[in-house]
Amino acid sequence: MTITYTPKGVCSQLFQIEVEDGTIQSVQVLGGCNGNLQGLSSLLKGMPVEEAIHRLEGIRCGGRPTSCPDQLAKALKTAL
C-alpha cells in the first residue's frame, strides 16, 4: 500500500509512505528539514505501523500544535 499524504501546519509538503503487511517499507518526504527527515525515514523503515504511530503522535515543533512526526502519524493512521 502506498500512502500519499499532504501534511498540514508544517514545512514538509508531501509524504509518500510504503506499507506492506503492517510494516513501514519506506518513507519519502518532499520539503521540510532534510537531514532530520532523512534520519526519521531511516529509523521508521521496518517498524510496525502501530508502533510508529504510538511513538510519533503528539510531537510538537516549537510553538506549533503539530510537527512532521505528528503529521506522519496521521498519515500512517490511514493504513490501519
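The residues of the chain are indexed from 1 along the displayed sequence.
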Legend entry - Side-chain donor-acceptor pair present, Ser26, Glu18, cut-off under 3.5 Å: no
Legend entry - Pairing residues for Gln28 by the side chain to side chain contact (heavy atoms under 4.5 Å, CB included) criterion, not counting sequence neighbours: Gln16
Inset, instruction - Considering only NZ, NE, NH1 and NH2 on the basic side and carboxylate oxygens on the acidic side, decide whether Lys74 and Glu57 come within less than 4.0 Å. - result: no
Inset, instruction - Provide the closest heavy-atom pair for Thr23 versus Val49 in the form atom of the first, atom of the second, distance. - result: N-CG2, 4.3 Å
Inset, instruction - Evaluate whether atom CD of Glu50 has more than 12 neighbouring non-hydrogen atoms of other residues, nucleotides or ligands under 6.0 angstrom away. - result: no
Inset, instruction - Drop me the distance from Thr4's OG1 to Leu14's CG, to the nearest 0.5 angstrom. - result: 6.0 Å
Inset, instruction - Return the minimal non-hydrogen interatomic distance between Ala52 and Leu44, and the atom names on each side. - result: CB-CD2, 3.8 Å
Legend entry - pair Val29-Cys68: side-chain heavy atoms closer than 4.5 Å: no
Legend entry - Pairwise side-chain contact, Pro48 with His54, heavy-atom cut-off 4.5 Å (strictly under): no
Legend entry - Atom pair CD/CE of Glu20 and Met1 - distance to nearest 0.5 Å: 11.5 Å
Legend entry - Euclidean distance, Leu43 CG relative to Arg55 CZ, rounded to 0.5 Å: 9.0 Å
Inset, instruction - Give the minimum heavy-atom separation between Ser12 and Leu37, together with the two atoms involved. - result: OG-CD1, 3.3 Å
Inset, instruction - Search all heavy atoms of Gln71 against all heavy atoms of Thr66 and return the closest pair with its distance. - result: NE2-OG1, 3.0 Å
Inset, instruction - Verify the cluster assignment for Leu56 and Val19: are they in a single hydrophobic cluster under the rule of side-chain heavy atoms below 4.5 Å apart? - result: yes
Inset, instruction - Taking the side chain as every heavy atom from C-beta outward, state whether Ile17 and Thr2 have any atom pair closer than 4.5 Å. - result: no
Inset, instruction - Could you list the residues that satisfy side chain to side chain contact (heavy atoms under 4.5 Å, CB included) with Thr78, not counting sequence neighbours? - result: Ile3
Inset, instruction - Would you name the heavy atoms of Ala73 and Ile53 that are closest together and state the gap between them? - result: O-CG1, 3.9 Å
Inset, instruction - Output all residues satisfying side-chain hydrogen bond (donor to acceptor under 3.5 Å, both in side chains) with Asn34, sequence neighbours left out; order by chain, then residue number. - result: Gln38
Legend entry - Closest heavy-atom pair and its distance - Ile59, Asp70: O-CB, 3.3 Å
